[in-house]
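Letters A, B, ... are given to chains in the order of the sequence lines, protein chains preceding strands, and every chain is numbered from 1. Only heavy atoms go into these numbers, but all of them, side chains included; no hydrogens, no water, no symmetry mates.
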Protein chains: 2
Amino acid sequence: MASPKIVRMTAPRLRDVAQLAGVHPATASRALNPQTRQQVNADTARRVLRAAESIGYQPNPIARSLKTARTGTVGLVIPDLTNPLFPPIVRGIEDVLTPAGYNAWIVNTDNDPQREEAQVEALRSRQVEGLIVATARRTHPLLARLHRQGVKMVLVNRRVDGLELPSVTADDDAGIGLAVAHLVGLGHTRIAHLAGPQHTSTGVSRARAFRHALIDHGLPDDPALTVECGYWSESEGARGLRRLLDGGRAFTAVVAGNDLIALGCYDVFAERGMTCPDDVSVVGFNEMPYLDKMRPPLTTVAIPHYEIGAEAGRLLLDTIDEPDRYPRSVLLAPSLVVRASTTPAPCDAASR
Amino acid sequence: MASPKIVRMTAPRLRDVAQLAGVHPATASRALNPQTRQQVNADTARRVLRAAESIGYQPNPIARSLKTARTGTVGLVIPDLTNPLFPPIVRGIEDVLTPAGYNAWIVNTDNDPQREEAQVEALRSRQVEGLIVATARRTHPLLARLHRQGVKMVLVNRRVDGLELPSVTADDDAGIGLAVAHLVGLGHTRIAHLAGPQHTSTGVSRARAFRHALIDHGLPDDPALTVECGYWSESEGARGLRRLLDGGRAFTAVVAGNDLIALGCYDVFAERGMTCPDDVSVVGFNEMPYLDKMRPPLTTVAIPHYEIGAEAGRLLLDTIDEPDRYPRSVLLAPSLVVRASTTPAPCDAASR
DNA sequence: AGGCAGGCCGCAATCGTTTGCGATCCGAGG
DNA sequence: CCTCGGATCGCAAACGATTGCGGCCTGCCT
């Protein structure tokens, strides 16, 4: 007499909910979806909801995606998760994506165009709805092609020449301005710049900002005092500083393209028996973690990583929702955090 | 006369390949899949391959997943990507998962069980085939439940009591042994331990290893010289060291449960005008990045993060492929890297 | 009373693959 | 010549959801 209770070991399906509520799967679907719920009788809807609840129904996103051609996933293309710059950005991104029902696939390119191409291909084959790209070079054929193909993207920390893409970046001009102002305030007049790679938009914009800042303070812009680093890395920073020191031009301070480049300087100081900030002051860029515990604690310009990520997430959601909205870019204000790697310039200007 | 060339703007489907090759989609499917290719004539297979190639066919993973109930995705549950311990592990994991055709969803729990539950639920609803979990506490109802439900998992850096789960961890005993041996080698006899949370398996195993190491070296095991930190964090490390200092017991060295706890000590030294290593030596655990640039550079026991991740990936693939294989765990050997935070003990043993 | 407008809900197609099953064809063996 | 087995391949039913379309019923208006 007891109705035989067949137990399904697999997850409950819409069909099960419908059956339990005594309606057609189509009706159950409409009842479950807030968008279409008003197409079904309130009572019925309630019944369906209760039924779904009671058996712990979770819609199968695979099936849903197949039908709707929407996956609720985006791709996140970064050079290297191991670079401490990125984790906070990633968290910012995820914290705005998650509430919107989206998730992010993270891929690392190691700055290898080959690898980048493959990874992006993998993302596309997984049907991501958009891309957040942190690996942009100023000229970037892959991104140009993707853009032509209508792939939705937003750039973070980078721009690409001649492409109207939404992007979120720190205000490099303002940041470098803060750094330089701080140094001249301390009496430095011969300031060097360890520039980031000039094939990245931030590399050139910070270098340009550096020149402008010098001029604004009435200082000469000596081209011999800025050298380019091939990567945003410690080893390249070290190489750059060595070139600078061996160049024979005197200087009492350096503003580094980013924190890693600045940290590379520390290695050279150790190598050559110099001390920072007594021999030369250093200011970094980015405010990566644990700088306060370095030797010496690095003064740097802080940018709001988490917010950058969050803004990027929002921008991407926007461009997914309204594809033909005019690309809007956001610029975030940096701030200077002064620590012990900068000190007043020695009176003897010939220090080197 | 020219055959009208209808262009599909959407991605090519299996059906298109089949049509181009003049076969049924089923045949095309079999030809494309190496597993089933021998079921179709070699010539036909070649034709299908060529056709697929020519129109750039990429199988739709959504549809495939729906049919095969396999998604090629796994979940990666970590407390906080921002903790520098995890990025290298993540890279290790991805580098073995990717070649196997798998991808990982990363979720952060912030050590919040609530959030953890929600995140894991989200992962499961996305139909992940397995979980790599780095947030395990020794007693962990959620994991126990998942295990009962047959969810495939591997633990990283943790074990959970009474659950036979594959795991990959560093050899805590050996690591702590190295640290203590190093310190007694420097003449330290009163050594303190800032233990990690005792609700984590590593927290207790390192604490136990510490006691054993003391005994092995013929030193007294003074319970007052080990205090527990509530989290694996700087602030908890600082709190711990303050308790230790205020406890009145003399000591000349501390082995910290991990690097962050050790760095927390640095803050207290600054607070109290003490200097490391002159007043007290510190050794950390994990070898997080940039320790060499700290003040002072931190002596620590290095564990192979990347390898831990890679092993975890391999273990998970194994348990997915052969679900009822006996759970196997791997233990990775640590090594000591000596820097400037440790120095010979002062002759005056009453330093404090 | 008849007609019409909604409200509500079911039917069935569809998304793009995979796969069990059966049909066809061929050559070989009896 | 008949049969049988193997090699190929097509048919169609899945997988689990969404959704356009149309049918039914109710209630209201004229």
Side-chain angles (χ1 to χ4, degrees), chain A residues 8-49 51-52 55-73 101 124-129, chain B residues 8-49 51-52 55-73 101 124-129:
Chain A
R8 267 179 57 87
M9 272 316 289
T10 82
R13 298 157 303 172
L14 183 59
R15 186 182 311 171
D16 303 321
V17 176
Q19 195 168 330
L20 191 56
V23 298
H24 192 271
T27 308
S29 172
R30 283 186 269 255
L32 259 3
N33 184 344
Q35 296 286 325
T36 52
R37 188 166 303 154
Q38 80 290 345
Q39 298 177 22
V40 15
N41 181 289
D43 264 351
T44 324
R46 215 177 343 262
R47 241 181 26 250
V48 172
L49 271 286
I55 60 176
Y57 170 74
Q58 292 283 111
N60 181 328
I62 310 278
R64 185 205 299 261
S65 292
L66 183 58
K67 178 62 181 172
T68 61
R70 307 191 55 248
T71 56
T73 66
R124 297 193 63 192
S125 85
R126 286 217 180 254
Q127 317 281 115
V128 297
E129 294 182 40
Chain B
R8 268 180 57 88
M9 272 316 289
T10 82
R13 298 157 302 174
L14 182 59
R15 187 183 309 171
D16 303 321
V17 176
Q19 196 168 329
L20 191 57
V23 298
H24 192 271
T27 308
S29 172
R30 283 187 268 253
L32 259 4
N33 185 342
Q35 296 286 326
T36 52
R37 187 166 302 155
Q38 79 292 344
Q39 297 178 24
V40 15
N41 181 290
D43 263 351
T44 324
R46 218 179 339 264
R47 242 182 23 251
V48 171
L49 271 289
I55 59 176
Y57 170 73
Q58 291 283 112
N60 181 328
I62 310 279
R64 185 204 298 262
S65 292
L66 181 57
K67 180 61 182 172
T68 62
R70 307 192 54 247
T71 57
T73 66
R124 296 193 64 193
S125 86
R126 286 219 181 250
Q127 318 280 117
V128 296
E129 294 182 38

Next item on the list: Just jot down the salt bridge (charged side-chain N to carboxylate O under 4.0 Å, His left out) partners of Arg37(A), sequence neighbours excluded, or say none.
Entry: none

Checklist line | Heavy atoms from other residues, nucleotides or ligands near CD of Gln19(A) exceed 12 (cutoff 6.0 Å) | finding: no

Next item on the list: Over all heavy atoms of both residues, which pair between Ala21(A) and Ala51(A) is shortest? Give the atoms and the distance, please.
Entry: CB-CB, 4.1 Å

Next item on the list: Send over the distance from Arg37(A) CZ to dT19(D) P, rounded to a whole Å.
Entry: 15 Å

Note to self: Under the rule for side chain to side chain donor-acceptor pair (under 3.5 Å), what residues qualify as partners of Arg64(A), not counting sequence neighbours?
What the structure shows: none

Next item on the list: Quantify the bending of the helix from dA1(C)-dT30(D) to dG30(C)-dC1(D) as the angle between its end axes, each fitted on five pairs, to 10°.
Entry: 70°

Please enumerate all protein N or O atoms sitting under 3.5 Å from an N or O of nucleotides 23-28 of chain D, with distances to 0.1 Å.
none

Notebook entry, point to check: What's the shortest heavy-atom distance between Leu14(B) and Tyr57(B), and which atoms?
Noted result: N-CE1, 3.3 Å

Notebook entry, point to check: For Ser29(A), which contact category applies under a 4.0 Å heavy-atom criterion: base, sugar-phosphate, or nothing?
Noted result: base

Using residues 22-34 of chain A as the side-chain source, report each donor-acceptor pair under 3.5 Å to any protein atom, sequence neighbours left out, with the distance given to one decimal.
residue  : atom : partner  : partner atom : Å
His24(A) : ND1  : Ala26(A) : N            : 3.0
Asn33(A) : OD1  : Gln35(A) : N            : 2.8

Next item on the list: Applying side chain to side chain contact (heavy atoms under 4.5 Å, CB included), name anything that partners Ile62(A), two or more places apart in sequence or on another chain.
Entry: Asn60(A), Ile62(B), Ser65(B), Leu66(B), Thr71(B), Gln127(B)

Please list, for nucleotides 23-28 of chain C, all pairs of protein and nucleotide N/O atoms separated by less than 3.5 Å.
none

Item checked: Length of the CZ-C1' vector between Arg13(A) and dA14(D), whole Å -> 11 Å

Checklist line | Rounded interatomic separation in angstrom, taking CG from Asn33(A) and P from dA17(D) | finding: 13 Å

Margin query: Under the rule for side chain to side chain donor-acceptor pair (under 3.5 Å), what residues qualify as partners of Arg46(B), not counting sequence neighbours?
Written below: Asp43(B)

Checklist line | Distance, rounded to the nearest Å, where Arg64(B) contributes CZ and dC15(C) contributes C1' | finding: 16 Å

Check: Tell me: CZ of Arg15(B) to P of dT18(C), nearest whole Å?
Finding: 13 Å

Item checked: By salt bridge (charged side-chain N to carboxylate O under 4.0 Å, His left out) - contacts of Arg70(A) (at least two apart) -> Glu129(A)

Next item on the list: Round to the nearest Å and state the distance from Arg126(A) atom CZ to dG16(C) atom P.
Entry: 18 Å

Next item on the list: Give the minimum heavy-atom separation between Ile55(B) and Leu20(B), together with the two atoms involved.
Entry: CG2-CD2, 3.8 Å

Notebook entry, point to check: How many Å lie between CD on Gln58(A) and C1' on dG16(D), as a whole number?
Noted result: 14 Å

Next item on the list: Please identify each residue that fulfils side chain to side chain donor-acceptor pair (under 3.5 Å) with Arg15(B), with sequence neighbours left out.
Entry: none

Check: Starting at CG of Leu14(B) and ending at P of dT18(C), how long is that distance when rounded to a whole Å?
Finding: 7 Å

Do any N or O atoms of the protein come closer than 3.5 Å to N or O atoms of nucleotides 5-13 of chain D, and which pairs are they?
residue : atom : partner  : partner atom : Å
dC9(D)  : OP1  : Thr44(B) : OG1          : 2.5
dC9(D)  : OP2  : Asn41(B) : N            : 2.7
dC9(D)  : OP2  : Thr44(B) : OG1          : 3.4
dG10(D) : OP2  : His24(B) : N            : 2.9
dG10(D) : OP2  : Thr27(B) : OG1          : 2.3
dG10(D) : N7   : Arg30(B) : NH2          : 3.2
dG10(D) : O6   : Arg30(B) : NH2          : 2.6
dC11(D) : OP2  : His24(B) : NE2          : 3.4

